[in-house]
Amino acid sequence: MTTEFAKKYGPWALVTGASKGLGLEFAVQCAERGLNIILVARSADLLDKQAGIISEKFHVEVKTIPIDLSREDILDVITPVTDSLEVGLLINNAGISRVRPFLDHSLDQLLTQLHLNARAALVLAYHFGQKMKDRKRGGIMFLSSGSAMNGTAYVSNYAGTKAYNLILGESLWYELGKYGVDVLGFMPGSTKSPGWDLNEAKTSFMVKVMDVDETISKALDALGKRPSLIAGTINSLSYFILGRFMSRSQSINTVSKSMEKLFGPFD
Ligand SMILES: NC(=O)c1ccc[n+]([C@@H]2O[C@H](COP(=O)([O-])OP(=O)(O)OC[C@H]3O[C@@H](n4cnc5c(N)ncnc54)[C@H](OP(=O)(O)O)[C@@H]3O)[C@@H](O)[C@H]2O)c1
């Protein structure tokens with residue numbers, strides 16, 4: 001099936017963190033829109049299983065690249081698979097978030113998070129962005145988070161990496177947009193996934209946890225239409241109020257206290 005989406009962003013999409021959660025749903029919805037998919041994550045068996053399910057259901061080609069994206073030499077592993085393929089869509093989705101006080105992480109854990117969430121996204125955008133610019137078409141998505149909007153305690157390093165993704169994405173929206181390459185910084189808002197469950201949030205009327213299909217269709221629909229998007233009406237409204245009507249210290253205090261309510265207590 002050749003959809004408008006496939007004409008613009010096909011024939012191949014590379015999705016990182018595609019073994020489960022949001023990444024898997026990105027892969028499913030891109031396949032549904034007619035793209036062949038390259039699934040990237042660490043769990044080789046899970047990737048093979050998802051590849052089988054997607055190719056059978058949507059009649060597209062699916063390849064897998066099992067790799068730890070926090071490594072330095074990621075292009076040495078990825079390019080032997082992708083060099084012969086036209087990757088028209090890059091979804092920089094892989095990311096880890098663990099809610100806990102900054103100094104309770106080891107420095108190694110924080111560096112791994114920085115390399116996965118930010119460095120890998122940079123390396124892949126640089127590599128595939130060049131080819132898309134030459135072809136004068138394509139799309140790149142950077143997974144950010146609401147925590148990119150202002151400092152957020154207990155996810156300090158994570159929030160820093162997500163601010164990096166948001167600002168890099170918005171900047172490239174302008175720069176690469178001139179060459180027909182659509183770029184989006186996407187802030188999902190709380191979405192039910194294995195990663196979300198791991199942090200064991202308490203329920204609150206203030207947080208609407210979305211389903212992955214809803215979150216991901218919003219992201220794919222927004223590509224090419226705007227530089228960035230916060231998914232969910234409540235999330236957009238909250239960040240509008242925090243940014244427009246509160247001082248910087250008030251908004252940091254507000255989101256950090258809500259982190260304590262949702263995920264605390266912390267020592
Ligand atoms: N869920 C939310 O509420 C939410 C909100 C805001 C932003 N986000 C962002 O959305 C993205 C996806 O989140 P999610 O909730 O779907 O996460 P998730 O359920 O934890 O899934 C993470 C994915 O990344 C892969 N991954 C983890 N470490 C990796 C590594 N070192 N190398 C390669 N792949 C790795 C995992 O597969 P393997 O374990 O097989 O490697 C998995 O496929 C993240 O960037 C996250 O920050 C999520």
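Fair warning: this is a prediction, and the values are worked out from it, not measured in the lab. Keep in mind that the numbers below use all heavy atoms, side chains included, and drop hydrogens, waters and symmetry copies. In each ligand, atom 1 is the first atom listed, and ligand 1 is the first ligand listed.
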**Q** Can you measure from OG1 (Thr64) to CD1 (Ile37) and round to the nearest 0.5 angstrom?
**A** 13.0 Å
**Q** Determine whether the side chain, the backbone, both or neither of Ala120 has a heavy atom under 4.0 Å from any heavy atom of ligand 1.
**A** neither
**Q** First locate atom CD1 of Ile230, then atom OG of Ser145, and finally report the distance between them rounded to the nearest 0.5 Å.
**A** 9.5 Å
**Q** Closer than 4.0 angstrom, basic N to acidic O: yes or no for Lys7 and Glu4?
**A** yes
**Q** Starting at CZ of Arg42, measure out to CG of Leu47 and round the result to the nearest 0.5 Å.
**A** 10.5 Å
**Q** Among all protein heavy atoms in this structure, tell me which lies nearest to atom 4 (C) of ligand 1, with the distance rounded to 0.1 Å.
**A** Gly189 O, 4.1 Å
**Q** Taking all non-hydrogen atoms of both residues, which atom of His115 and which atom of Ser70 are closest, and how far apart?
**A** CB-O, 3.6 Å
**Q** Show which atoms of ligand 1 fall inside a sub-4.0 Å distance from at least one heavy-atom site of Ala18.
**A** 43 (O)
**Q** Counting each atom of ligand 1 from 1 as listed, which ones have a heavy atom of Lys162 under 4.0 Å away?
**A** 44 (C), 45 (O), 46 (C), 47 (O)
**Q** Okay, side chain of Gln29, backbone of Asp213: is any donor-acceptor separation there less than 3.5 Å?
**A** yes
**Q** Would you say that Phe26 contacts Met141 through its side chain, given a criterion of any heavy-atom pair below 4.5 Å between the two side chains?
**A** yes
**Q** Is there a donor-acceptor pair under 3.5 Å between the side chain of Thr16 and the backbone N or O of Ala94?
**A** yes
**Q** Show the atoms of ligand 1 that are less than 4.0 angstrom away from any heavy atom in Asp68.
**A** 30 (C), 31 (N), 32 (N)
**Q** So, is Leu22 polar-close to ligand 1, with some N/O to N/O distance under 3.5 Å?
**A** yes
**Q** When rounded to the nearest 0.5 angstrom, what distance separates CZ in Phe58 from CG in Leu35?
**A** 12.0 Å
**Q** Flag the pair Glu214 and Lys192 as a salt bridge only when some basic side-chain nitrogen lies within less than 4.0 angstrom of an acidic carboxylate oxygen.
**A** no
**Q** Identify whether NZ of Lys or CZ of Arg in Lys136 sits under 6.0 Å from the centre of the six-membered ring of Tyr179 and within 45° of that ring's axis.
**A** no
**Q** For atom CD of Glu86, decide whether the heavy atoms of other residues, nucleotides or ligands shown that lie under 6.0 angstrom number more than 12.
**A** yes
**Q** Please state which protein non-hydrogen atom is closest to atom 21 (O) of ligand 1 and give its distance, to 0.1 Å?
**A** Lys20 CG, 4.0 Å
**Q** Is it the case that ligand 1 has an N or O less than 3.5 angstrom from some N or O of Val40?
**A** no
**Q** What protein heavy atom is closest to atom 22 (C) of ligand 1, reported as residue, atom name and distance in Å?
**A** Gly95 O, 4.0 Å
**Q** In terms of residue, atom name and distance, what is the protein heavy atom nearest to atom 12 (C) of ligand 1?
**A** Asn93 OD1, 3.2 Å
**Q** Measure the distance from atom 34 (N) of ligand 1 to every protein heavy atom, then report the residue, atom name and distance (to 0.1 Å) of the closest one.
**A** Ala41 CA, 3.7 Å
**Q** Look at ligand 1 and say whether Leu116 reaches it with a heavy atom at a distance under 4.0 Å.
**A** yes
**Q** Could you list which atoms of ligand 1 come closer than 4.0 Å to a heavy atom of Leu143?
**A** 10 (O), 45 (O)
**Q** N/O to N/O below 3.5 Å, does that happen between Ser190 and ligand 1?
**A** no
**Q** I'd like to know whether the aromatic ring centres of Phe142 and Phe186 sit less than 6.0 Å apart in this structure.
**A** no
**Q** Which of the numbered atoms in ligand 1 are below 4.0 angstrom from a heavy atom of Gly17?
**A** 23 (C), 24 (O), 25 (C), 42 (C), 43 (O)
**Q** Should the proximity of Lys192 to ligand 1, defined as any heavy atom under 4.0 Å, be assigned to the side chain, the backbone, both, or neither?
**A** neither
**Q** Considering only protein heavy atoms, which is closest to atom 14 (P) of ligand 1, and at what distance to one decimal place?
**A** Ser193 OG, 3.5 Å
**Q** Using a plain distance cutoff, I'd like to know if Thr191 has any nitrogen or oxygen under 3.5 Å from a nitrogen or oxygen of ligand 1.
**A** yes
**Q** For ligand 1, which atoms have a heavy atom of Ser43 less than 4.0 angstrom away?
**A** 38 (P), 39 (O), 40 (O)
**Q** Do you see a donor-acceptor pair shorter than 3.5 Å between the side chains of Asn165 and Ser144?
**A** no
**Q** What distance do Lys131 atom NZ and Thr82 atom OG1 have between them, rounded to the nearest 0.5 Å?
**A** 7.0 Å
**Q** Which one of Gly195, Ala121, Ser19 has a non-hydrogen atom at the shortest distance from atom 17 (O) of ligand 1?
**A** Gly195
**Q** For atom 27 (C) of ligand 1, find the nearest protein heavy atom and state the residue, atom name and distance (0.1 Å precision).
**A** Arg42 NH2, 3.5 Å
**Q** Decide whether an N or O pair under 3.5 Å exists between Leu69 and ligand 1.
**A** yes
**Q** Need the ligand 1 atom indices (1-based, order shown) with element for anything under 4.0 Å from a heavy-atom of Tyr158.
**A** 6 (C), 7 (C), 8 (N), 9 (C), 46 (C), 47 (O)
**Q** For ligand 1, which atoms, with element, lie under 4.0 Å from some heavy atom of Ile67?
**A** 32 (N), 33 (C)
**Q** Looking at ligand 1, would Pro66 count as a contact under a 4.0 Å heavy-atom criterion?
**A** no
